[in-house]
*Asks:* 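Handing you a structure now.
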Amino acid sequence: DVKVTQSSRYLVKRTGEKVFLECVQDMDHENMFWYRQDPGLGLRLIYFSYDVKMKEKGDIPEGYSVSREKKERFSLILESASTNQTSMYLCASSLFPYEQYFGPGTRLTVT
Amino acid sequence: AQSVSQHNHHVILSEAASLELGCNYSYGGTVNLFWYVQYPGQHLQLLLKYFSGDPLVKGIKGFEAEFIKSKFSFNLRKPSVQWSDTAEYFCAVNPEYGNKLVFGAGTILRVKS
């Protein structure tokens, strides 16, 4: 079974803090993705990576950056957290062009 | 803009009722199509997928979906829902030669026992 793990299930941060969300997959997938999930908006792609050190912007990259130094690990970074970044963050991985496998999510609250 | 539309945001059904959730997309070329489900407190998981071949695909837990190319649709169906089908359902489209999925806004299904 593919396993995608995320470093935290719940996180509370203050406005202006730098926030790191970590994601690890154990299936040697090339592609990894970060989404945010908000009620009524579905999943929106923030960034994705198709190889180590490679990244592409998704639909809503503003305020976020990513890092992929190893194939199994994909990090999402909020450089200066703001209240409008309070959301559920989902990581996923896949072998193109097949289905994506999702982690359990990190519910981030920025106060 | 290219998009995925799910027509109903909330659906409430009684147990044993039939279910159909609509999904339409606006991409003109070849697409791969998916339905994902998120049960309360659980992570998103794949319900079924369509890549090619028979346009009627069967997934887990008695769900099926029909791809109608002329209508740009991929509707999800289940003949008789159970209380345990209460969840949020997402349609997703992978346009050809892309490695991204585009998701619909989701449909929250509540099944009354």
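Order of the sequence lines fixes the chain letters, A, B, ..., with proteins taken first and strands second; residue numbering starts at 1 for each chain.
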*Asks:* With a 4.5 angstrom heavy-atom cut-off, could you sort out which part of Gln42(B) is near chain A: side chain, backbone, both or neither?
*Replies:* neither

*Asks:* Roughly how far, to the nearest 0.5 Å, is CG of Leu101(B) from OH of Tyr35(A)?
*Replies:* 4.5 Å

*Asks:* Report the distance from atom CD of Glu99(A) to atom CG of Leu47(B), rounding to the nearest 0.5 Å.
*Replies:*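 If I round to the nearest 0.5 Å, the distance is 12.0 Å.
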
*Asks:* Which heavy-atom pair separates Phe33(A) from Lys100(B) by the least distance, and what is that distance?
*Replies:* CE2-CA, 4.4 Å

*Asks:* Side chain, backbone, both or neither: which part of Gln45(B) has a non-hydrogen atom closer than 4.5 Å to chain A?
*Replies:* neither

*Asks:* Side chains of Gln6(A) and His43(B): does their closest heavy-atom pair fall under 4.5 Å?
*Replies:*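 With C-beta onward as the side chain, the pair stays apart.
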
*Asks:* Should Ile46(A) and Val110(A) be regarded as members of a common hydrophobic cluster, given that ILVMFWY residues are connected when their side-chain heavy atoms come within less than 4.5 Å of each other, either directly or indirectly?
*Replies:*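 Yes, Ile46(A) and Val110(A) fall within the same hydrophobic cluster.
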
*Asks:* Is there a chain of hydrophobic side chains (I, L, V, M, F, W, Y, each step under 4.5 Å between heavy atoms) that links Leu95(A) to Leu45(A)?
*Replies:*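 Both belong to a single hydrophobic cluster.
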
*Asks:* I'd like to know if the side chain of Tyr36(B) reaches the main chain of Gln100(A), judged simply by a donor and an acceptor atom lying under 3.5 Å from each other, with no hydrogens or angles considered.
*Replies:*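 The answer is yes, because a donor-acceptor pair under 3.5 Å joins these two groups.
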
*Asks:* Side chain, backbone, both or neither: which part of Glu56(A) has an atom under 4.5 Å from a heavy atom of chain B?
*Replies:*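 Neither; nothing under 4.5 Å.
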
*Asks:* Mind listing the closest non-hydrogen atom pair of Leu43(A) and Phe90(B) along with its distance?
*Replies:* CD1-CE2, 3.8 Å

*Asks:* How long is the straight-line distance from CG of Leu90(A) back to CZ of Phe103(B), given to the nearest 0.5 Å?
*Replies:* 8.5 Å

*Asks:* Which heavy-atom pair separates Gly40(A) from Ala105(B) by the least distance, and what is that distance?
*Replies:* O-CB, 3.5 Å

*Asks:* Side-chain heavy atoms nearer than 4.5 Å, only ILVMFWY residues, links allowed to pass through others: does that put Tyr89(A) and Phe102(A) together?
*Replies:*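 No: no chain of side-chain contacts under 4.5 Å links Tyr89(A) to Phe102(A).
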
*Asks:* Indicate if Leu76(B) and Val4(B) have the same hydrophobic cluster label, given that clusters are the connected sets of ILVMFWY residues with side-chain heavy-atom separations under 4.5 angstrom.
*Replies:*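 Leu76(B) and Val4(B): one cluster.
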
*Asks:* Taking Trp35(B) as the starting point, is it possible to reach Val11(B) by hopping between hydrophobic residues whose side chains are less than 4.5 Å apart?
*Replies:*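 Yes; Trp35(B) is reachable from Val11(B) via cluster members.
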
*Asks:* Can you tell me which portion of Arg44(A) sits under 4.5 Å from chain B's heavy atoms? Options are side chain, backbone, both or neither.
*Replies:*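 Neither part, no heavy atoms under 4.5 Å.
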
*Asks:* Side chain, backbone, both or neither: which part of Leu46(B) has an atom under 4.5 Å from a heavy atom of chain A?
*Replies:* side chain

